[in-house]
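As a basis for the values below, the full set of heavy atoms in this structure was taken, side chains included, without hydrogen atoms, waters or symmetry mates. From a predicted model like this one, the values you see are computed outputs, not experimental measurements.
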Amino acid sequence: MSVEIIYEKKYPRIDPMEEMKQIELEMADEPKVPTPSFDEVMAKIQTNTAYVLMPERIKASEKFIQTAIEVSELYELDTKIERHLDHISVNYSFNCCGGMRDINRVFGMADQFSFFKDIYGWDITVSLDFYTHAVVRNGRVVAP
């Protein structure tokens, strides 16, 4: 049986070390600006930010958490579930694998997700977020 490639596209790969060297060279010519502290950055982010409860999402978040736990137990995934001010996050950590069809149930419920590699001692960490509050910054809804 032959394989038919329907679509394939490769993008140029950037060497992060070369990219960092270039950035360092460019920054060497710029005047030094003091780096703000973590608290200063967070204060700036929080300025003009409001969190608006979405009551219909509270009940749905319980289902999200329960489904995340079921999937964790099914595949024996390292899992960390956290409640934040505006959302619930589920972090699954595992080594490369395939056939985790049921994880789609959690992906389908999530508002956003991110992938990380080589953290927590695992090949992959997937972070899935489910918002319980709308985040309004400077009068504009930024999440979910």
*What are the two closest non-hydrogen atoms of A68 and V106, and how far apart are they?*
CA-CG2, 3.9 Å
*asked:* I'd like to know if K21 pairs up with E24 as an ion pair, taking the criterion as any Lys NZ or Arg NE/NH1/NH2 lying under 4.0 Å from an Asp or Glu carboxylate oxygen.
replied: no
*asked:* Hydrophobic clustering (ILVMFWY, side-chain heavy atoms < 4.5 Å, transitive) - are V71 and V90 grouped together?
replied: yes
*Over all heavy atoms of both residues, which pair between V52 and V136 is shortest? Give the atoms and the distance, please.*
CG2-CG2, 4.2 Å
*asked:* For a quick check under 3.5 Å, do S127 and N91 share a side-chain donor-acceptor pair by atom type?
replied: yes
_For S72, the option from D78, T79, T67 that meets side chain to side chain donor-acceptor pair (under 3.5 Å)_ = T79
_Can you tell me how the ring of F115 sits relative to the ring of F107, calling it parallel under 30°, perpendicular over 60° and tilted otherwise?_
parallel
*Under the ring-ring contact (aromatic ring centres under 6.0 Å, His included) rule, collect the residues that match up with Y92, sequence neighbours excluded.*
none
*Please name the pair of heavy atoms, one in I103 and one in Y75, separated by the smallest distance, quoted to 0.1 Å.*
N-CE1, 4.0 Å
*Taking everything shown except E26 itself, do over 12 heavy atoms lie less than 6.0 Å from its CD?*
yes
*Report yes or no: do M109 and I58 belong to one cluster of Ile/Leu/Val/Met/Phe/Trp/Tyr joined by side chain heavy-atom distances under 4.5 Å?*
no
*Can you hop from L74 to W122 via hydrophobic side chains spaced under 4.5 Å?*
no
*So, for P144 and A134, which heavy atoms are closest and what is the spacing to 0.1 Å?*
CD-CA, 4.0 Å
_Tell me the closest heavy-atom pair linking L85 and H133, and the distance in Å._
O-ND1, 3.5 Å
*Determine whether F116 and F94 fall in the same hydrophobic cluster, where Ile, Leu, Val, Met, Phe, Trp and Tyr are linked whenever their side-chain heavy atoms lie under 4.5 Å apart.*
no
*side-chain hydrogen bond (donor to acceptor under 3.5 Å, both in side chains): pairs with one or both residues in residues 48-61, sequence neighbours excluded*: Q46-Y51, N48-N138, T49-R137, R57-D111
*Would a distance-only check, ignoring hydrogens and angles, find a side-chain to backbone donor-acceptor pair under 3.5 Å from D123 to C96?*
yes
